[in-house]
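Below you'll find the structure, written out as structure tokens, and then a few comments.
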Amino acid sequence: MSASSASSPPVDWDVIVVGAGAAGLMAAIAAGRRGRRVLVLDHANKVGKKILMSGGGHCNFTNTGTTPAQYLSTNPHFCKSALARYTPQDFIDLVDAHGIAWHEKELGQLFCDGSSKQIVQLLLDEADGAGVQVRTHCPVQPPRRVDDGFVLDTAIGRLRCASLIVATGGLSIPSMGATGFGYDIARQFGHALLPTRAGLVPLTLSGKHQERLDALSGVALDVEAGCNGAHFRNRMLITHRGISGPAILQISSYWQPGDDLRLDLLPGRDALAWLQAQQTERPGTELKNVLAELMPRRFAQRLCEIWLANRPMKQYTPAQLHDTAALLQAWPLVASGTEGYRTAEVTLGGVDTDGVSSRTMESKQVPGLFFVGEVLDVTGWLGGYNFQWAWASGMAAGEAA
Ligand SMILES: Cc1cc2nc3c(=O)[nH]c(=O)nc-3n(C[C@H](O)[C@H](O)[C@H](O)COP(=O)(O)OP(=O)(O)OC[C@H]3O[C@@H](n4cnc5c(N)ncnc54)[C@H](O)[C@@H]3O)c2cc1C
């Protein structure tokens, strides 16, 4: 396809969607079903790249327990309307209608039995059925406001549309086509942007904090990670650069450099009562061997080398047992940073929702301009919530554009 020239004849579309990811395709489908002439443009070589790589290749496409409480946003009320109007069951019905087999993994997380490709194909089939046209390999220049609509110079020429839906996602995984284009458009039209940072991302350790855990790379254990009032109980994995695993990815969205991060290493247990029972039942057993019953032996040993005194249980005074329990329930970990957008599943922050209608996702200051999905300052927890937001916000915009 050749680049456009200024003399290209205008082509009229009711709706142009920039970004053929989860939110953009859903918005296009909803608008197309209403009889709108819809064109979706994406600069990448194929649609839905993040869907393809999601859920370890099986796409965790929704979470049956979705509520607004699982989303981070400067305005926690913003996501309510769209989530209430397009529910996980609505997407499950669509998945079922396409004969895609799925299963619940844990905590309401629904995955395809087969490949994530099935979800991309579902969206493409629905888009096709709704008369939507989709163009990949199509870079887009910043749009201009003209009369009641927008003009875009693109790789397939100069295009005019009445409504423009910005669905360009966040900054995570640039190698998959992520750009800040949506933020540029928002800024261009006078929208406020909230600072962006990587979320659902491994945390890095440095200096002595990294050296202390270095030998434990590959060890995984159950923890409850806590930071800034948020708590997540799940697996933690020690890596050669820091810590990862679902508990850490979840808490990373609440953590910023300098914040206090605490891990309960005996989640769901009263550590003091448990230690006291061990002291009574196994007075001659050393602490590291007692702990090894509830966590990997190598981890228990390292804990006792660096953070705890290792003695036979009978030698601990009540005060020492109390201190040991306190450390096990709030083990302080000093993270130095995150792995950043290279590996982050999501981008926190983005287009300030104050400037956007929560009902339609339309700009309050520029009629006809819509923002959907991750480009907005709405970020879900790990577990299918981000796709549910993409579907719900896309649907809200597509029904209005
Ligand atoms: C590795 C990984 C695994 C994940 N797994 C899950 C999961 O299992 N469940 C879940 O709920 N969430 C998951 N997520 C998060 C989820 O993928 C995103 O929240 C979701 O895809 C956001 O949808 P979106 O449509 O807003 O943006 P995206 O899906 O990122 O789509 C944006 C689209 O815009 C296009 N684009 C960007 N810039 C331009 C430009 N300048 N011009 C034209 N096109 C442009 C991109 O090519 C892309 O196609 C995962 C994310 C990652 C990175």
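Worth knowing before you read on, the calculation uses all heavy atoms, side chains too, and leaves out hydrogens, waters and symmetry mates. All ligand and atom numbering here is 1-based and tracks the order in the structure.
- Nearest-residue assignment for atom 51 (C) of ligand 1 (options Met26, Glu345, His58, Glu374; heavy-atom criterion): Glu345.
- Contact record, Thr347 with Thr379: O-OG1, 3.3 Å, taken as the closest heavy-atom pair.
- Which parts of ligand 1 touch Gly55 is read off a 4.0 Å heavy-atom cut-off, strictly below it: atoms 5 (N), 8 (O).
- In summary, the atoms of ligand 1 found under 4.0 Å from a heavy atom of Gly19, numbered by their order in the structure, are 33 (C), 34 (O), 35 (C).
- On a distance-only criterion, Thr179 and ligand 1 share at least one N/O pair closer than 3.5 Å.
- For Asn60 (side chain) and Thr62 (main-chain N/O), a donor-acceptor pair under 3.5 Å exists by modelled atom type.
- With a heavy-atom cut-off of 4.0 Å, Tyr385 touches ligand 1 through its backbone alone.
- Residues satisfying the ring pair (Phe, Tyr, Trp, His ring centres under 6.0 Å) criterion with Phe150, sequence neighbours excluded, are Phe189.
- Protein heavy atom in closest approach to atom 48 (C) of ligand 1: Asp42 OD2, 3.3 Å.
- Remark: distances from the non-hydrogen atoms of Met53 to ligand 1 include one below 4.0 Å.
- When the heavy atoms of His43, Gln109, Lys50 are ranked by distance to atom 30 (O) of ligand 1, first place goes to Lys50.
- By the 3.5 Å distance cut-off applied to N or O atoms, Phe387 is counted among the residues near ligand 1.
- Below 4.0 Å from some heavy atom of Gly21 lie the following atoms of ligand 1, by number and element: 25 (O), 29 (O), 31 (O), 33 (C), 49 (O).
- By the side chain to side chain contact (heavy atoms under 4.5 Å, CB included) test, Thr317 is found to be paired with Ala319, Gln320, residues two or more places apart in sequence or in another chain being considered.
- Checked by atom type, the side-chain pair Asp113/His103 shows a donor-acceptor distance below 3.5 Å.
- Atom numbering of ligand 1 starts at 1 in the shown order; those under 4.0 Å from a heavy atom of Gly384 are 9 (N), 10 (C), 11 (O).
- Between Ile173 and ligand 1, not a single N/O pair is under 3.5 Å apart.
- By the criterion of a heavy-atom distance under 4.0 Å, the backbone of Ala344, and not its side chain, is placed next to ligand 1.
- Only the side chain of Phe181 comes within 4.0 Å of ligand 1, counting heavy atoms alone; its backbone N, CA, C and O stay farther away.
- Looking only at protein heavy atoms, the nearest one to atom 9 (N) of ligand 1 is Asn60 O, 2.9 Å.
- Those atoms of ligand 1 that come under 4.0 Å of a heavy atom in Gly373, given as number and element, are 26 (O).
- Of the listed residues (Ala167, Pro139, Ser172), the one carrying the non-hydrogen atom nearest atom 32 (C) of ligand 1 is Ala167.
- Below 3.5 Å of separation, one finds an N or O of Ala22 facing an N or O of ligand 1.
- Between Trp381 and the options Trp389, Phe387, Phe232, a ring pair (Phe, Tyr, Trp, His ring centres under 6.0 Å) holds for only Phe232.
- Against a heavy-atom cut-off of under 4.0 Å, Ala44 is close to the following atoms of ligand 1: 47 (O).
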